[in-house]
Amino acid sequence: MCAAVYVLSTVTGYVLTSALLLKCPHLLRRRKREAFLSRHISHRGGAGENLENTMAAFKHAVDLGTDMLELDCHLTKDEQVVVSHDANLQRVCGINANISDIAYAELPPYLCKLGVTFQKECFCEGGEDKRIPLLRDVFDAFPNTPVNIDIKVNNDTLIKKVSELVVKYDREHLTVWGNASNQIVKKCYKENPHIPVLFSLPRVLQLLGLFYTGLLPFVPIKEQFLEIPMPSIITKLKDPDRLTRSQRFITWLADNLLMRKALFEHLTARGIQVYIWVLNDEEDFQRAFQLGATGVMTDFPTRLKDFMDKNGISKSQ
């Protein structure tokens with residue numbers, strides 16, 4: 001009987017303490033300092049309104065007032081850091097060749113029309129700018145705009161060169177980098193711990209484990225940005241009738257596990273920003289902000305700006 005009372009009181013004490021610290025993490029941990037706050041994030045510069053990852057896309061998004069540009073980096077044969085999502089040029093240039101096998105001066109232009117990955121049956125037709133830009137072009141053109149860099153391949157030289165560019169342009173306080181790969185994120189952090197990193201996929205899974213076991217308030221976190229998908233959008237990217245029952249169940253389960261207001265509020269209170277990608281309609285914009293996400297990543301920066309203006313959503317909120 002005494003043992004049962006002891007166990008019950010211990011468990012109750014743990015649950016109550018964890019719940020208190022989840023709501024009030026400042027009682028245990030100092031809030032991380034936020035160099036910038038991003039509510040409106042342009043995915044690949046806004047792939048639904050201009051050809052993805054082009055200077056035209058980035059300029060359009062910045063002119064609209066986006067808080068952050070999201071882009072992807074690869075290394076050319078002559079070790080130039082270029083902005084491109086794909087390692088292979090087939091989809092975007094119509095040429096079956098890898099960026100790593102071609103010198104920058106010899107890279108082909110983008111096709112005139114590209115599919116928008118996160119919008120069903122949608123294509124973007126570009127204007128005159130079809131050039132694959134250098135990362136330094138982006139830094140030169142937008143010195144005060146935060147940039148979210150996805151290091152697309154596990155390449156030590158690429159990581160080192162991106163870090164050197166960030167330092168050269170004095171952008172350690174305006175940059176976040178990483179990848180779904182935990183190995184890449186660890187290398188990024190080791191190369192330059194002054195540049196904030198994203199949660200890798202294994203770390204996201206670990207974060208969820210800590211959250212659901214009540215341990216999260218007690219564990220230090222080095223990352224400053226949680227960047228996750230909204231799983232439910234898969235039903236808008238694929239025909240729901242073609243999804244199997246197991247696929248629908250997995251989507252439902254992942255959505256319910258990830259999209260947790262209590263988790264987002266706890267992280268925000270610790271100075272960790274939460275970004276949800278890639279959302280392209282008002283229904284998903286609204287859900288993300290209602291759940292407490294810091295910012296939304298979109299292919300349609302004009303659409304997101306109009307939604308935020310209409311609903312009075314600003315950086316200060």
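Index from 1, following the sequence. Values below: every heavy atom of this structure, side chains too, minus hydrogens, waters and symmetry copies.
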Do any N or O atoms from the side chain of R39 and from the backbone of T294 form a donor-acceptor pair under 3.5 angstrom?
yes

Where the side chain of Q273 meets the backbone of S38, is there a donor-acceptor pair that is under 3.5 Å apart?
yes

Donor-acceptor contact below 3.5 Å, side chain R131 vs main chain T54
no

Separation between CG (L111) and NZ (K130), nearest 0.5 Å, reads 10.0 Å

If we check side chain to side chain contact (heavy atoms under 4.5 Å, CB included) with C73, which of these qualifies: L165, I99, V81?
V81

Does any pair with a residue in residues 32-68 pass ring-ring contact (aromatic ring centres under 6.0 Å, His included), and if so which ones, sequence neighbours excluded?
F36-F225, H43-F118

The test is salt bridge (Lys or Arg N to Asp or Glu O under 4.0 Å); show your working for D63 and K59 and say whether it passes.
CA-CA 6 Å; D63 288 346; K59 184 177 187 305; 2.8 Å; yes

Qualifying residue for salt bridge (Lys or Arg N to Asp or Glu O under 4.0 Å) with D86, from R91, K152, R44:
R91

May I ask you to decide whether R287 forms a salt bridge with E283, counting only side-chain N to carboxylate O separations under 4.0 Å?
no

Between CG on residue N179 and CD1 on residue I149, distance to nearest 0.5 Å
12.5 Å

When hydrophobic residues are tied together by side-chain contacts of less than 4.5 Å, even through go-betweens, does M297 share a cluster with V147?
no

Could you go through the side chain to side chain donor-acceptor pair (under 3.5 Å) check for E172 and N192 one step at a time?
CA-CA 9 Å; E172 288 175 312; N192 190 335; 3.0 Å; yes

For a quick check under 3.5 Å, do D78 and T76 share a side-chain donor-acceptor pair by atom type?
yes

To the nearest 0.5 Å, how far apart are OG in S42 and CG in L64?
7.5 Å

Closer than 4.0 angstrom, basic N to acidic O: yes or no for D309 and K305?
yes

Are Y275 and V197 connected into the same hydrophobic cluster when the rule is that any two of I, L, V, M, F, W, Y join if their side-chain heavy atoms are below 4.5 Å apart?
no

Exceeds 12 heavy-atom contacts within 6.0 angstrom, atom NZ of K23
no

Side-chain donor or acceptor of T213 paired with backbone N/O of L210 under 3.5 Å:
yes

Looking at K310 and E282, does any basic side-chain N land under 4.0 Å from a carboxylate oxygen?
yes

Verify the neighbour count for atom CZ of R303: are there more than 12 heavy atoms of other residues, nucleotides or ligands below 6.0 Å?
yes

Between R29 and F218 (side chain of the first, backbone of the second, donor and acceptor by atom type, cut-off under 3.5 Å), is there such a pair?
yes

Taking only residues two or more places apart in sequence or in another chain, which ones pass ring-ring contact (aromatic ring centres under 6.0 Å, His included) with F285?
F307

State whether K236 and D281 are salt-bridged, where the test is any N-O pair (Lys NZ or Arg NE/NH1/NH2 against Asp/Glu carboxylate O) under 4.0 Å.
yes

N182 side chain vs S200 backbone, donor-acceptor pair below 3.5 Å:
no

Can you find a side-chain donor-acceptor pair between E79 and T157 that sits under 3.5 Å?
no

Side-chain donor-acceptor contact under 3.5 Å, D129 with Y110:
no

CG of L237 to CG of L243: how many Å apart, nearest 0.5 Å?
10.0 Å

Beyond-backbone contact of D67 with L37, side-chain heavy atoms, under 4.5 angstrom
no

